[in-house]
**Q** 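Attaching a single structure in structure tokens format; questions to follow.
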Amino acid sequence: MIVDRSRRTFLRTLGLLVPRMLLPRCSLAGEALAPTIRFEDMAHRAGVHFVLENCPTPEKYQPETMPAGVALLDYDGDGWLDIFLVNGAEMPSLVKTGPKYYNRLYHNNGDGTFSDVSERAGVTGAGYGMGAAVGDYDNDGRPDLFLANVNGNQLLHNNGDGTFSDVTAKAGLSGATYNGRKMWSIAAGWFDYNNDGLLDLFVANYCQWDPRYEPVCIGLDGRGYCHPDSFGPLSNTLYRNNGDGTFTDVSAETGISSVLGRGMGVVFADYDGDGYLDVFVANDNSPNLLFHNVGGKRFEEVGLKAGVAYNDEGAVLGSMGADFRDVNNDGLPDIWHTAIENETFPLYLNKGKGVFQNASQQSGLANITRPMSGWSNGIVDLDNDGWKDLVVARSNVLDNISQISAYFRYAEPNSVFRNLGNGRFEDVSATAGADFLRPAPYRGLAYGDLDNDGKMDLVVTALGAPVRVFRNVTATSNHWILLKLVGSKSNRMGIGARIRITTDDGRKLYNEATTSTGYAASSDSRVHFGLGGSSVIKEIEIRWPSRTHQLLRNVAADQVLEVTEPL
């Protein structure tokens, strides 16, 4: 039998223990049963052999618990997503002393396997790595890499021949300083804040940290990682693209540096529909920041006024990863960010007119996520039913948490929450597969379609443990489309473009082009839509950053479609 969602919600409210097998879920259009979201770890057989080396020490240096970076990009333009993984370094020197600490680039061979091309590509890196950001800053059609590090950032220019060149010094992007030391950067993202067709760079800086003066913080069993309040906050950095391979720090003149925080996740969306990309920064134990873009000239920090700075009790959270996408198909991008145990992972619904509402309780996420600690995350349709689901890489911050608390563990399983299409989410992690449920100290997570089958896959990193490459093996006949945008007047990657799809049964679905997702991560630049039972798209409407308005009609589903912005 088919039981609709209102019936299932009623049964849950009564607390009836109805076996899951008796409650199959309807698809959005009602014509087929909803699939079970499932993943299989293909890392080992695919040849992706990587361990995130954080170099833990008895001194508990603060960066040791925080590296995460993962990026998905098609660096050689062959149509297949490649995998880039950021690595740590020796502590406390912060130096990569050998291959154990190299960053790694895995080329997608298009047959389910990957090849390590790191050294030949020149991406092994320098310093203690945190995050990665993908963007084509010079509009040459090749994605470049920016690396956020503890001790000096890096810009790697894609040469188009399978190699990258370190152009950090020339570009002026080695990193802002505080008291004579390079700021500790965790995450970064590319966006065109002034709509001039060139991608600018936002860097989220974390805290005032110096390995020479690591504070001693004592737990029940001895030394532990310190609370973030032990370190002073920093300002973030905004670099304007000059169009000649160089960047100018415009943090002060645009208002970005006027507020301090402990930035961990940075994501972009045009939340008020004025045609300019805004910036949300998830801050660790300081108020989250929402920078409203005022005409591409300056930013106004409106986190408190918009309702995203604190939780409903007015408390700051240990915010880490974030994503900024429309979860309820109303055309307004929403914000979902992670936090630590007992805090919940808030979902802020965009209500229009510059206001967000914390829907954690109504959505069911408050109760689901309260015992969890989450790092990188994503808002992405994992079963192609037309509703974006939520996925999170989990682990406690403290490696000795089990000796401090009987209720929490350092290694946690990952989690996926299925969007029920009625404002609520269901934890379906238990049926997502044994690989997905294997606990580890997970940190980074990026999503994208690695095998071009229309189902979004995941790459998840873990401290001192093998990377997981989760192939999405959800058994579904739901349709999909991936849009590869090529800007002409807008930036070449089309970042910032807003897309509305109308399916053949009249539903309207929304998404935005971005690579900045989660915590220290960069996801598939192609814009993904699950279409449910619709095999034909009635209309695709693209609003490019240049304000060009493009319409495509009667488009077949189940394809990767390249769309070029009209001149």
Side-chain angles (χ1 to χ4, degrees), residues 50 52-55 63 66-73 75 82-90 93-106 117-138 140 142-160 162-178 181-190 199-206 209 234 236-242 245-249 263 266 444 446 461 515-516 519-522:
F50 174 83
L52 178 53
E53 298 289 355
N54 60 323
C55 192
M66 301 179 70
V70 53
L72 303 182
L73 72 162
Y75 81 94
D82 310 297
I83 300 172
F84 179 77
L85 300 165
V86 176
N87 214 343
E90 289 278 2
S93 70
L94 305 176
V95 173
K96 292 187 185 300
T97 54
K100 173 181 178 180
Y101 295 109
Y102 285 173
N103 301 331
R104 293 289 173 182
L105 176 62
Y106 291 90
V117 296
S118 312
E119 295 180 63
R120 177 166 60 86
V123 297
T124 54
Y128 199 106
M130 285 282 142
V134 174
D136 181 4
Y137 74 88
D138 56 356
D140 64 357
R142 300 186 292 265
D144 308 297
L145 275 168
F146 179 82
L147 309 184
N149 295 326
V150 177
N151 54 328
N153 302 321
Q154 287 183 280
L155 177 63
L156 303 180
H157 176 258
N158 189 333
N159 299 320
T163 69
F164 290 76
S165 295
D166 187 336
V167 295
T168 313
K170 174 186 173 183
L173 292 178
S174 60
T177 60
Y178 177 86
R181 293 186 63 85
K182 293 285 176 64
M183 287 191 187
W184 172 0
S185 302
I186 280 188
W190 297 96
L199 287 180
D200 310 296
L201 182 67
F202 190 102
V203 181
N205 300 310
Y206 186 56
W209 177 81
L234 292 172
N236 298 300
T237 313
L238 175 62
Y239 295 98
R240 185 185 64 226
N241 191 333
N242 300 322
T246 68
F247 293 77
T248 299
D249 186 339
V266 55
T461 59
T515 60
S516 300
Y519 169 69
S522 198

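All residue numbers in this chain count up from 1 along the given sequence. Only a predicted model underlies this, so the values are computations on that prediction, with no experimental measurement involved.
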**Q** Testing V167, L73, D138 one by one against D144 for a side chain to side chain contact (heavy atoms under 4.5 Å, CB included), which residue passes?
**A**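 Only one of V167, L73, D138 forms a side chain to side chain contact (heavy atoms under 4.5 Å, CB included) with D144, namely D138.
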
**Q** Identify the heavy atoms of K182 and S174 that sit nearest to each other, and give their distance.
**A**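 So the two residues come closest at NZ-OG, 3.6 Å.
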
**Q** How long is the straight-line distance from CG of N158 back to CG of L145, given to the nearest 0.5 Å?
**A**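 Answer rounded to 0.5 Å: 8.0 Å.
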
**Q** Could you tell me which residues satisfy side-chain contact (heavy atoms from CB on, under 4.5 Å) with Y178, sequence neighbours excluded, listed by chain and number?
**A**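 side-chain contact (heavy atoms from CB on, under 4.5 Å) list for Y178, sorted by chain: M183, Q208, L234.
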
**Q** If you look at every heavy atom in S516 and W190, which pair is closest and at what distance?
**A**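 So the two residues come closest at OG-N, 3.8 Å.
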
**Q** Give a yes or no answer on whether the side chain of T168 reaches the backbone of L173 with a donor-acceptor pair at less than 3.5 Å.
**A**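 No, because the side chain of T168 does not come within donor-acceptor range (under 3.5 Å) of the backbone of L173.
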
**Q** Before giving the answer on side-chain contact (heavy atoms from CB on, under 4.5 Å), spell out for I186 and Y519 the whole-Å C-alpha distance, their side-chain angles and the decisive distance to 0.1 Å.
**A** CA-CA 8 Å; I186 280 188; Y519 169 69; 3.4 Å; yes

**Q** Judged by atom type as modelled, is there a donor-acceptor pair below 3.5 Å linking the side chain of T163 to the main-chain atoms of G122?
**A**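 Side chain of T163 to backbone of G122: no pair is present.
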
**Q** With sequence neighbours excluded, tell me which residues meet side-chain contact (heavy atoms from CB on, under 4.5 Å) with R181.
**A**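 Per chain and number, R181 pairs via side-chain contact (heavy atoms from CB on, under 4.5 Å) with D210, P211, R212.
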
**Q** Are the ring centres of F146 and Y137 closer than 6.0 Å?
**A**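 For F146 and Y137, the ring centres are not under 6.0 Å apart.
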
**Q** Please work out whether the ring planes of W209 and W184 are parallel, tilted or perpendicular, with thresholds of 30° and 60°.
**A**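 Geometry flag for W184 against W209: perpendicular rings.
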
**Q** Do you know the tightest heavy-atom contact between A520 and M130?
**A**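 Closest pair (atom of A520, atom of M130, distance): CB-O, 3.6 Å.
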
**Q** Could you tell me the separation between the CD1 atom of I83 and the CG atom of L105, rounded to the nearest 0.5 Å?
**A**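 The CD1 atom of I83 sits 9.5 Å away from the CG atom of L105.
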
**Q** Any chance you could measure L52, atom CG, to L85, atom CG, to the nearest 0.5 Å?
**A**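 One gets 8.5 Å once the value is rounded to the nearest 0.5 Å.
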
**Q** Strictly distance-based, threshold 3.5 Å: is any side-chain N or O of Q154 a donor or acceptor partner for the main-chain N or O of A126?
**A**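 Such a contact is found between Q154 side chain and A126 backbone.
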
**Q** I'd like to know if the side chain of K96 and the backbone of E90 have a donor-acceptor N/O pair within less than 3.5 Å.
**A**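 No, K96 side chain to E90 backbone: no donor-acceptor pair under 3.5 Å.
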
**Q** Give a yes or no answer on whether the side chain of T248 reaches the backbone of R240 with a donor-acceptor pair at less than 3.5 Å.
**A**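 Side chain of T248 to backbone of R240, a donor-acceptor pair under 3.5 Å: no, none is there.
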
**Q** Has S522 got a side-chain atom pairing as donor or acceptor with V134's backbone, closer than 3.5 angstrom?
**A**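 Checked: pair present.
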
**Q** Any non-hydrogen side-chain atom of F164 less than 4.5 Å from a side-chain atom of Y75?
**A**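 In short, these two side chains touch, coming nearer than 4.5 Å.
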
**Q** Are the side chain of N54 and the backbone N or O of M66 linked by a donor-acceptor pair below 3.5 Å?
**A**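 A pair under 3.5 Å: no.
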
**Q** Nearest heavy-atom pair of T461 and G69: which atoms, and what distance?
**A**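 The pair with the smallest heavy-atom distance is CG2-O, 4.3 Å.
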
**Q** State, to 0.1 Å, how close A148 and N153 come at their nearest heavy-atom pair, and which atoms those are.
**A**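 Result for this residue pair: CA-OD1, 3.4 Å.
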
**Q** Under 3.5 Å, is there a donor-acceptor pair between the side chain of N151 and the main chain of Y128?
**A**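 Yes, the answer is positive, given that a donor and an acceptor are paired below the 3.5 Å cut-off.
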
**Q** To the closest 0.5 Å, what do you measure between OG (S165) and NE2 (H157)?
**A**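 With rounding to 0.5 Å, OG (S165) is 7.5 Å from NE2 (H157).
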
**Q** In terms of side-chain heavy atoms, does S185 have a donor or acceptor partner in N205 at a distance below 3.5 Å?
**A**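 The answer is yes; a qualifying pair exists.
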
**Q** How many angstroms lie between atom CG of N242 and atom CG of D200, to the nearest 0.5 angstrom?
**A**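 Here the rounded value is 9.0 Å.
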
**Q** Any idea which heavy atoms bring Y106 and D82 closest together, and the distance?
**A**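 Residues Y106 and D82, closest heavy atoms: O-CB, 3.3 Å.
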
**Q** At what distance, to the nearest 0.5 angstrom, does OG1 of T124 lie from CG of L156?
**A**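 These two atoms lie 9.0 Å from each other.
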
**Q** Taking side chain as C-beta onward, heavy atoms only, is V123 less than 4.5 Å from N103?
**A**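 Not touching, per the 4.5 Å side-chain cut-off.
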
